[in-house]
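Please read all numbers here as calculations on a predicted model, not as lab measurements. Hydrogens, waters and symmetry mates are skipped; everything else that's a heavy atom, side chains included, is used.
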Amino acid sequence: MSNPQLPDLGHHNIDEFAFTFKVNLRIGAIALMIAGALTGFYSQLNEEQRDVANFGTTTLGVCIAGASAIHAYRGLMRSAKIQETEIRASREEIMISRQERNVDRENEKRVRVLERTINYIARWNHPDFASSRAMMKKVLVESNKQNIKLATYLEAHPEEAQAVVSILNFLEELSFLTHEKDLDKDKLASFYRAIFDMVYSDFFQYIQARREDKNRDKLYEHFEKLHQEWQINGSYRG
């Protein structure tokens with residue numbers, strides 16, 4: 001039964017250890033023999049021969065040191081090349097990771113834009129807008145019946161004017177966010193283009209009157225600009 005506290009080296013590992021020990025022992029013995037022979041040989045030399053031997057030994061040492069230095073330099077160069085390769089690979093991985101993160105951010109941005117666009121499309125048909133839309137129709141009918149300008153009629157009916165202004169403000173808000181790329185122009189065009197045509201044609205004179213009254217030339221400028229883009233391009237593809 002084997003001792004559980006000692007690792008089982010196995011027959012192969014024991015033989016390998018014994019072979020290595022024998023080789024090291026032989027190398028040590030040979031080194032001692034060579035050292036002894038050289039020492040004995042050196043002791044038999046005269047002074048002049050010893051000087052020559054010392055010079056040769058010194059030269060040999062210098063050569064060995066030089067060879068070692070060259071070997072070390074080559075090792076450093078190989079190590080530097082390996083490090084450079086690793087750094088390049090690491091940089092490439094970082095760049096790929098950044099690109100993947102950028103793609104993820106772009107996808108997330110597209111999703112957010114699409115969600116906001118759908119929300120703005122749904123808001124037009126929301127019950128909160130029903131009374132304002134109905135009021136806009138009533139304003140057009142009543143002003144035509146009385147054969148007076150729309151601005152004059154709305155000036156005399158402030159409640160109905162407020163409903164019209166709320167609709168215009170909403171369309172201006174939508175147009176501004178579209179130009180800021182927070183909403184999808186193509187998807188908005190498929191739903192809002194006809195609405196923009198109707199509101200712009202029916203209420204442009206009122207918009208102009210409000211601009212003059214408030215001395216604001218850029219009032220509802222985003223609404224007007226987006227309407228013109230859709231008129232020119234059919235639907236925006238920019």
[X] side chain vs [Y] backbone, donor-acceptor pair below 3.5 Å:
| X | Y | result |
| --- | --- | --- |
| Asn144 | Leu140 | yes |
| Arg216 | Arg210 | no |
| Ser132 | Phe129 | no |
| Glu172 | Phe223 | yes |

Give, for atom [atom1] of [X] and atom [atom2] of [Y], the distance between the pair rounded to the nearest 0.5 Å.
| X | Y | atom1 | atom2 | result |
| --- | --- | --- | --- | --- |
| Ser175 | Glu180 | OG | CD | 12.0 Å |
| Lys138 | Ser143 | NZ | OG | 12.0 Å |
| Ile195 | Leu171 | CD1 | CG | 7.5 Å |
| Glu142 | Ile148 | CD | CD1 | 9.5 Å |
| Ile207 | Gln205 | CD1 | CD | 10.5 Å |

Chi angles and distances behind the side chain to side chain contact (heavy atoms under 4.5 Å, CB included) call for Tyr192, Ile121: CA-CA 8 Å; Tyr192 273 105; Ile121 291 174; 4.2 Å; yes

Side-chain contact test, heavy atoms from C-beta onward, threshold under 4.5 Å: evaluate it for [X] versus [Y] and give yes or no.
| X | Y | result |
| --- | --- | --- |
| Glu160 | Tyr153 | yes |
| Lys185 | His179 | yes |
| Leu183 | Leu174 | yes |
| Val164 | Leu150 | no |
| Leu188 | Thr117 | yes |
| Tyr120 | Leu177 | yes |

Run the side chain to side chain contact (heavy atoms under 4.5 Å, CB included) test on Tyr206 and Thr152 for me, step by step, so that the C-alpha distance in whole Å, both residues' side-chain angles and the decisive distance to 0.1 Å come before the verdict. CA-CA 9 Å; Tyr206 178 63; Thr152 303; over 6 Å; no

More than 12 heavy atoms of other residues, nucleotides or ligands under 6.0 Å from CD of Glu155: is that the case?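 Open.
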
Should we count CG of Asp217 as having more than 12 external heavy atoms under 6.0 Å?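 Not buried by this count: 12 neighbours or fewer within 6.0 Å.
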
Do Arg211 and Glu224 sit within salt-bridge range, that is, some charged N less than 4.0 Å from a carboxylate O?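 Looking at Arg211 and Glu224, the cut-off is met.
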
Are the charged groups of Arg110 and Glu115 less than 4.0 angstrom apart, N to O?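 No, Arg110 and Glu115 are not salt-bridged.
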
Nearest heavy atoms of [X] and [Y], plus distance in Å:
| X | Y | answer |
| --- | --- | --- |
| Asp182 | Arg116 | O-NE, 3.1 Å |
| Leu154 | Ala161 | O-CB, 3.5 Å |
| His126 | Arg133 | O-NH1, 3.9 Å |

Tell me whether Ile118 shares a hydrophobic cluster with Trp124, the cluster being built from Ile, Leu, Val, Met, Phe, Trp, Tyr side chains joined at under 4.5 Å.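 Not linked; separate clusters.
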
State plainly whether one hydrophobic cluster holds both Phe191 and Leu114, where clusters connect Ile, Leu, Val, Met, Phe, Trp and Tyr through side-chain heavy atoms under 4.5 angstrom apart.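 No: no chain of side-chain contacts under 4.5 Å links Phe191 to Leu114.
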
Among Phe203, Tyr220, Tyr200, Phe204, which residue meets the ring-ring contact (aromatic ring centres under 6.0 Å, His included) test with His227?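 Testing His227 for a ring-ring contact (aromatic ring centres under 6.0 Å, His included) against Phe203, Tyr220, Tyr200, Phe204 leaves exactly one candidate, Tyr200.
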
Out of the candidates Phe170, Phe196, Phe176, only one should pair with His222 under the ring-ring contact (aromatic ring centres under 6.0 Å, His included) rule; please name it.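 Output: one option passes, namely Phe176.
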
Please determine whether side chain to side chain contact (heavy atoms under 4.5 Å, CB included) holds for the pair Asp128 and Arg123, giving the CA-CA distance in whole Å, both sets of side-chain angles, and the decisive distance to 0.1 Å. CA-CA 8 Å; Asp128 292 344; Arg123 282 176 64 182; over 6 Å; no

